[in-house]
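Working notes, structure below.
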Protein chains: 2
Amino acid sequence: MDLFVSKFFNKIDKKGRVSLPSSFRNVLPKANRNEIILYKSIKSPSIEGCGVGRLKEIAKRINNLDFFSEDYDDFSTSIFSEIVTTNVDKEGRFLIPEELKLYTGIKTEAAFFGQGHFFQIWEPKQGLKNTEDSRRRLLKEKKSLRMILTQQK
Amino acid sequence: MDLFVSKFFNKIDKKGRVSLPSSFRNVLPKANRNEIILYKSIKSPSIEGCGVGRLKEIAKRINNLDFFSEDYDDFSTSIFSEIVTTNVDKEGRFLIPEELKLYTGIKTEAAFFGQGHFFQIWEPKQGLKNTEDSRRRLLKEKKSLRMILTQQK
DNA sequence: TGGGATTATATGGGCGTCAATGGGTATATG
DNA sequence: CATATACCCATTGACGCCCATATAATCCCA
């Protein structure tokens, strides 16, 4: 599977290390399994992460916005300048930067949520609540959800 | 036959393993017979499952939504983080995640119901009751049922 | 075509490997 | 030199792989 899926709850040890879920590590290209990028989510108090290869895709999406709009500058600044690269050690663990811990409220445990081509890291309780809220909002729009889930090729 | 059809009742062993019905395994593409995806049904206390190929189509559709919209996050969260991938061993068995067991009430036995392009897994009693209820509802609308069954291609 | 032989499926269990986690020590970087 | 981080090793429990068996389905040949 080459997508980030499912959710995982991992502990942060005394040294601040946390395991990137094994199935997430396998999504990263074999060449760059020891490096990921992290940045603050624009829409929620969570961290978004992915392999370094995805940077190009993010750049493309931002480039598709109108260059002279305020959004362009805002997204460009908010995302690129906030990106940090982090090394994953041989056991698959990495350090969550202090600033991102503060931003998310993460203390002793981190919740990883697969999002397809990237993943999110949440303070566990907030992350679970977010999942419920999302699901509730979508159930109000059954039709569109069914479209995504059941459409046949 | 390349569709999930019929129903099967299989036991869950001490290790939590359960056999995916043989005829279901044969529906999966030969290349990916050792991995399936599972997710909570939107409409009932059951699990829905299918091959990983279907997930990739779903990913493509979500990816086409406006990346910076709220809908994107809702779909992405509700689908990707709720989906779990499970490995099917050489004997055709897999593990039902604890959370999905709780969601469905499955304990020692699992009922598999073919649904065409996907299948459902129910706690046996509830699954049978659901079948009866479905049929009863359909019979109230004989006309539309006949339409579906007799329509020629 | 009947009945024994072969194959497949569902199920049970042993055991090695890997993932998550903990901690000691070397190394780097300011 | 002090703090942070990378590397190495250890532990534990879960899971995958392998082998085994019983029952059911299929085959095959006299």
Side-chain angles (χ1 to χ4, degrees), chain A residues 1 4-28 30 32-38 49 52 84-102 106-114 119 121-122 124 127, chain B residues 1 4-28 30-38 49 52 84-102 106-114 119 121-124 127:
Chain A
M1 176 55 55
F4 298 103
V5 295
S6 190
K7 50 176 181 273
F8 305 90
F9 300 83
N10 290 346
K11 285 175 189 163
I12 296 175
D13 69 19
K14 291 174 190 170
K15 296 181 176 181
R17 299 174 299 190
V18 63
S19 290
L20 184 67
S22 163
S23 80
F24 284 14
R25 299 200 297 266
N26 290 331
V27 177
L28 303 174
K30 280 169 287 294
N32 289 70
R33 288 245 162 111
N34 58 338
E35 195 176 20
I36 56 174
I37 66 174
L38 303 175
V52 290
V84 295
T85 68
T86 314
N87 287 89
V88 180
D89 72 18
K90 296 205 170 170
E91 282 74 35
R93 294 174 290 193
F94 67 100
L95 298 170
I96 302 178
E98 204 52 40
E99 187 187 350
L100 294 181
K101 278 192 188 168
L102 290 176
I106 290 172
K107 295 262 169 59
T108 62
E109 198 181 16
F112 294 81
F113 293 88
F119 56 87
I121 312 174
W122 287 75
Chain B
M1 175 57 65
F4 299 105
V5 295
S6 189
K7 50 177 181 278
F8 305 89
F9 299 83
N10 290 346
K11 285 174 191 165
I12 296 175
D13 70 17
K14 290 174 191 170
K15 294 182 174 182
R17 299 174 299 191
V18 63
S19 289
L20 184 66
S22 164
S23 80
F24 284 15
R25 298 200 297 266
N26 290 330
V27 177
L28 304 173
K30 281 168 287 295
N32 289 70
R33 288 245 163 113
N34 58 338
E35 200 176 25
I36 56 174
I37 68 172
L38 303 174
V52 293
V84 297
T85 67
T86 314
N87 289 86
V88 179
D89 71 20
K90 296 205 171 169
E91 283 73 35
R93 295 173 290 192
F94 66 100
L95 297 170
I96 301 178
E98 204 52 41
E99 187 187 350
L100 295 181
K101 279 191 188 169
L102 290 175
I106 290 172
K107 294 264 168 58
T108 62
E109 198 181 15
F112 295 81
F113 294 87
F119 57 86
I121 312 174
W122 288 76
E123 187 284 320

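Heavy-atom basis, side chains included; hydrogens, waters and symmetry copies ignored. Per chain, numbering begins at 1; letters A, B, ... match sequence-line order. Here the structure is a predicted model, which means the values were calculated and not measured.
A donor-acceptor contact under 3.5 angstrom links the side-chain atoms of B:E91 to the base of D:dC19.
Under the 4.5 Å side-chain criterion, counting only non-hydrogen atoms from C-beta, A:S23 is not in contact with B:T85. The shortest side-chain heavy-atom distance between A:L38 and A:F94 falls under the 4.5 Å cut-off. By the 4.5 Å heavy-atom criterion applied to side chains, A:R17 and A:L95 are counted as neighbours.
Residue A:N87 contributes atom CG, which lies 9 Å from atom C1' of D:dA6 at whole-angstrom precision. The distance between atom CG of A:D13 and atom C1' of D:dC7, rounded to the nearest whole Å, is 14 Å. In this structure, NZ of B:K11 is placed 11 Å from P of D:dT23, rounded to the nearest angstrom. If you take CZ of A:R93 and P of D:dC8, they are 13 Å apart, rounded to a whole angstrom. Summarising the geometry, the separation between CZ on A:F8 and P on D:dA14 is reported as 16 Å, rounded to the nearest angstrom. Counting to the nearest Å, the P atom of D:dG16 and the CD1 atom of B:I36 are 12 Å from each other. Rounding to whole angstrom units, NZ of residue B:K90 and P of D:dC19 are separated by 9 Å. In this structure, CG of A:L95 is placed 9 Å from C1' of D:dA4, rounded to the nearest angstrom.
Close to C:dT21, at under 4.0 Å from its OP1 or OP2, lies a side-chain N or O of A:N10.
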Find every protein N or O atom lying less than 3.5 Å from an N or O atom of nucleotides 26-30 of chain C, and list the pairs.
none

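Using cut-offs of 30° and 60° on the angle between ring planes, the pair B:F4 and B:F119 is perpendicular.
Across all strands shown, B:D89 has no heavy atoms under 4.0 Å from either base or sugar-phosphate atoms.
Atom CD1 of A:I121 and atom CZ of A:F113 lie 11.0 Å apart (nearest 0.5 Å).
B:N10 places no side-chain N or O within 3.5 Å of a backbone atom of B:V18 that could act as its donor or acceptor partner. With hydrogens and angles ignored, the 3.5 Å screen pairs no side-chain donor or acceptor of B:R25 with any backbone N or O of B:R33.
Taking the six-membered ring for Trp and the full ring otherwise, A:F8 and A:F112 have centroids separated by 6.0 Å or more.
Within a 6.0 Å sphere centred on NZ of B:K101, other residues, nucleotides and ligands contribute more than 12 heavy atoms.
Contacts with DNA chain C (heavy atom under 4.0 Å) in residues 14-28 of chain A: A:K14, A:K15, A:R17, A:S19, A:L20, A:P21, A:S22, A:R25, listed by number.
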